[in-house]
Undergrad: 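Next up is a structure, given as structure tokens.
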Amino acid sequence: MVFWPSIVVATPAHSGVGATLTYRSELSLAPGALVRVPLGSREVLGVVWDCPDTPPEGLTEARTKVVAGVLEGLPALNGCWRQLVKFSAQYYQRSLGEVALAALPPQLRELDSTQLARRLKRRAKAAAGVPPTAPEALQGHDLSAEQAEALQALAAATAPVLLYGATGSGKTEVYLRATQAVLETAAPENEAPTQVLVMVPEINLTPQLEARFRERFEPAFGAGSVVCLHSGMTPAQRLTSWLAAHTGSARIVLGTRMAVFASLPGLRLIVVDEEHDPSYKSQEGARYSARDLAVYRAKVESEALAAGGALLQAGPHPRPLPEGEGARGGGVVNPRCQVLLGSATPSLESWHAADQGRYLRLEMPGRIGGGALPRLRLVDMNHQPKGAVLAPPLVAAMGERIARGEQCLVLLNRRGYAPVLACHDCGWKSGCPHCSAYRVFHKLDRTLRCHHCGFTERVPRACPDCGNLDIAPVGRGTEQIEEQLAGLLVDVKRPDGQPARVARMDADSTRLKGSLEVQLAALHSGEVDVLVGTQMIAKGHDFRRITLVAGINADSALFASDYRAPERLFALLMQAAGRAGRDAAQSGASEMWIQTWYPQHPLFVTLKKHDYPAFAAEQLTEREQAGMPPYGFQALLRADARTQQAAQAFLNIAAEQAAGLPHRDQITLYPAVPLTIQRVANVERAQMLVETDSRGALQRFLSAWQPVLHACRSAPEAKGLVRWAVDVDPLSI
DNA sequence: CCGGCTATGGTG
DNA sequence: ACCATAGCCGGT
């Protein structure tokens, strides 16, 4: 056995050789150090993972290359961060290097040492330049009894906390107070200042939250103590925020799912707002759930703190938390990292975990100011005039609201004017030539747009197949509802005598930078009376004067084949309903209208009672009987290829080659099937469901399958395969 | 007969 | 990931 000091580095290379590559170095390096290493003909960023005396079997010193340099002045990524990355790579079946590099700001790859030194200097100066004033007792609002109780329970909690709070119950204030408590806890000498991570599902929701956190914490903790981290920022901004978090000058990081990987050496609290939201699940690269990783990360950080942070800094895995450790009598609690999951309609996974006692459920059923949740009114479309898009009673109700100076929200989850354009003579439809989907008719710019691949053309003047001039929109989108409502409300006057104004807010109307803010301002100032929009308007925004919310087309989700569709519909409608009646002065009279052909559907019956617990219990019973998550465990093997045949062939060969792998007998491999939208951008898509009742079996099976899948890539039957991927804990199957 | 683009392989 | 190399169609 030869002994020489080798440096194991996680690099972007991720096929063939393995998860890490081994180098030599004259420099003394420790795990977590950021280095530049030669890889092929280039030099890439890498993370030092291990520094063993005995290099991997069969690798000679002469065959290794030398570490090119260290990113000087940057503290090493700590053991908790590395453990999070390692776990994510294993759990979601990706290479260590891929996950590690994806977790770092892309700009870090291009920085040379002088640029980095300049940035770090600027950081230090900025941090020193803003002396934090003594934290005031930050006035905030008075807490409701429910909020105070939740905070008290949170302070003593040792398990992940599920904050089940109605829309308008003041969850954000709880986040702010919990953050404040953490930031005011002085970190021991030689330890990083305490930090908090707050995640939201969408970029759109960050500005509002950022404003509240800045207002609350910057006076005490200095400018720059609150930073954001999301994909909408420029690479330079992301690097700045990342460095601030990594060096500890940022105390609060607000961000989307990617923020779960931020380097936070003093992390003591992770908040996951709207924890049920599907946006927390990544859909490319490592398909991680930021919510699940938040729970895992808090556990790892807690264990490290319990074991003594210094031990972990360079050490291997954190030690497990001893039984009963964490909370001590009299409310004195050991240093730990908490995780707080908040939602008015928690995910069934979290709800189930709370049922089992793995999470602590805290409830805040009441709204701040005592306002009632809006009354649900179901409009039976069977009894409306034929062809009516908007039921006359709904339009009348909206008119009354507007006349009283109140606002309305109309929800339709489909942008554009109409989902299809069709020829009534020959049956032509506006299909996309590259996808198995229709192109959507956008009337405003006279285009047909494919919402899957982006292919856009001007609307043809006549039918492309038969020349008939009579081509017409079928179905409706937000543009059409906006247009129709403007017509239907034309005689309605606001209290100031002005005619009613209708506006639309969706991905199209907010595409330009700053236009979301402009639109929200128009609504807040009362310029707009009716806002038509996609689910974007249902999420998070604080609309004060809205007293009527209407769902135009909820039925499509009622009978969707996706078993999570009811859960998503319930959450969306509850969330939308929550936009109404937030202003206590106008509460009591607020309403949520839903147009449906199935008013007796059980989902609406529970929704009417705002009874999420009943809905969850019923859904969980169904899931248990069917062996579905959270009782069963799933993964998807996805394949993209030039032909459907090749995609399915890859999946079928992969299934055949799985014979004899560990736990194969506990795993069900379903037949390969095309995706609902089979072809996107001329790529055929297929998938295979992997199901089992044991998470451990699934993990071990998938790990053993991985090399087999790599090998199946070159099977002759699978010629034309573009790419494949494993999706662990998929959200839609 | 050379050059560009796409599939395939390798990186310590 | 990214780069290098090998394999398939077009121009002069």
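Proteins get letters first, then strands, A, B, ... in listed order; numbering begins at 1 in each.
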Undergrad: Please enumerate all residues that pass side-chain contact (heavy atoms from CB on, under 4.5 Å) together with A/S225, with sequence neighbours excluded.
TA: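 By the side-chain contact (heavy atoms from CB on, under 4.5 Å) rule, A/S225 matches A/E218, A/F221, A/R251.
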Undergrad: Quick one, A/I270 and A/E301 - any side-chain contact, counting heavy atoms below 4.5 Å?
TA: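 SC-SC contact between A/I270 and A/E301 ruled out.
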Undergrad: Can you name the side-chain contact (heavy atoms from CB on, under 4.5 Å) partners of A/P278, sequence neighbours left out?
TA: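 Expected list: A/R568, A/L731.
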Undergrad: Round to a whole Å and report the spacing from CZ of A/R24 to P of B/dG12.
TA: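 The distance from CZ of A/R24 to P of B/dG12 comes to 12 Å, rounded to the nearest Å.
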Undergrad: Could you state the atom-to-atom distance from CG of A/L96 to P of C/dA1 in whole Å?
TA: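 After rounding, the reported distance stands at 15 Å.
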Undergrad: Just to verify, what does A/R685 make a side-chain hydrogen bond (donor to acceptor under 3.5 Å, both in side chains) with, not counting sequence neighbours?
TA: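 Here no residue qualifies.
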Undergrad: Atom CD of A/E43 to atom C1' of B/dT11: distance rounded to whole Å?
TA: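 Taking CD of A/E43 and C1' of B/dT11, I get 14 Å after rounding.
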Undergrad: Quick one: which protein N/O atoms are closer than 3.5 Å to N/O atoms of nucleotides 5-7 of chain B? Pair and distance per line, please.
TA:
| from | atom 1 | to | atom 2 | distance (Å) |
| --- | --- | --- | --- | --- |
| B/dA7 | OP1 | A/R642 | NH1 | 2.9 |

Undergrad: By side-chain hydrogen bond (donor to acceptor under 3.5 Å, both in side chains), which residues pair with A/E275, not counting sequence neighbours?
TA: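 Checked A/E275 against side-chain hydrogen bond (donor to acceptor under 3.5 Å, both in side chains); matches are A/R291, A/S347, A/S350.
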Undergrad: Can you give the dot-bracket line for DNA chain B, using ( ) for pairs inside the strand, [ ] for pairs that cross earlier ones, | for pairs with another strand and . for unpaired bases, where Watson-Crick and G-U count if both distances are under 3.5 Å?
TA: |||||||||||.
Undergrad: Rounded to the nearest Å, what distance is computed from the NZ atom of residue A/K65 to the P atom of nucleotide B/dG12?
TA: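 Roughly 3 Å, once rounded to whole Å.
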Undergrad: Rounding to an integer number of Å, can you tell me how far A/R723 CZ sits from B/dT8 P?
TA: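 Taking CZ of A/R723 and P of B/dT8, I get 14 Å after rounding.
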Undergrad: Starting at atom CZ of A/R36, determine the distance to atom C1' of C/dA1, rounded to an integer number of angstrom.
TA: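 These atoms are roughly 14 Å apart.
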Undergrad: Below 3.5 Å between N/O atoms, which protein atoms pair up with nucleotides 2-8 of chain C? Just atom names and distances, please.
TA:
| from | atom 1 | to | atom 2 | distance (Å) |
| --- | --- | --- | --- | --- |
| C/dC2 | O4' | A/R42 | NH1 | 2.8 |
| C/dC3 | O3' | A/S41 | OG | 3.1 |

Undergrad: Which residues pass the side-chain contact (heavy atoms from CB on, under 4.5 Å) test with A/Q678, not counting sequence neighbours?
TA: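 So A/Q678 forms a side-chain contact (heavy atoms from CB on, under 4.5 Å) with A/S436, A/Q644, A/P674, A/E684.
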Undergrad: Give me each pair satisfying salt bridge (Lys or Arg N to Asp or Glu O under 4.0 Å) with a member in residues 37-47 of chain A, each pair once, sequence neighbours excluded.
TA: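 Sorted result for residues 37-47 of chain A: A/R36-A/E43.
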Undergrad: Would you list the pairs meeting side-chain hydrogen bond (donor to acceptor under 3.5 Å, both in side chains) in which at least one residue belongs to residues 711-725 of chain A, sequence neighbours left out?
TA: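 The answer is A/D640-A/R723.
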Undergrad: With A/E349, which residues qualify under side-chain hydrogen bond (donor to acceptor under 3.5 Å, both in side chains), at least two apart?
TA: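 With sequence neighbours excluded, A/E349 shows a side-chain hydrogen bond (donor to acceptor under 3.5 Å, both in side chains) to A/R564, given in chain and number order.
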Undergrad: Without placing hydrogens or testing angles, list every side-chain donor-acceptor pair under 3.5 Å for residues 195-203 of chain A, not counting sequence neighbours.
TA:
| from | atom 1 | to | atom 2 | distance (Å) |
| --- | --- | --- | --- | --- |
| A/Q195 | OE1 | A/G266 | N | 2.9 |
| A/Q195 | NE2 | A/A245 | O | 3.0 |
| A/Q195 | NE2 | A/A250 | O | 2.8 |
| A/E202 | OE2 | A/K539 | NZ | 2.9 |

Undergrad: Quick one: A/L721 CG to B/dT8 P, roughly how many Å, whole number?
TA: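 Whole-Å distance recorded here is 9 Å.
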Undergrad: Between C1' on C/dA1 and CG on A/L101, what's the gap in Å once rounded to a whole number?
TA: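 Roughly 8 Å, once rounded to whole Å.
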Undergrad: Does the side chain of A/Q699 pick up a donor-acceptor pair with the side chain of A/Y91 at under 3.5 Å?
TA: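 Distance-only check fails for A/Q699 and A/Y91.
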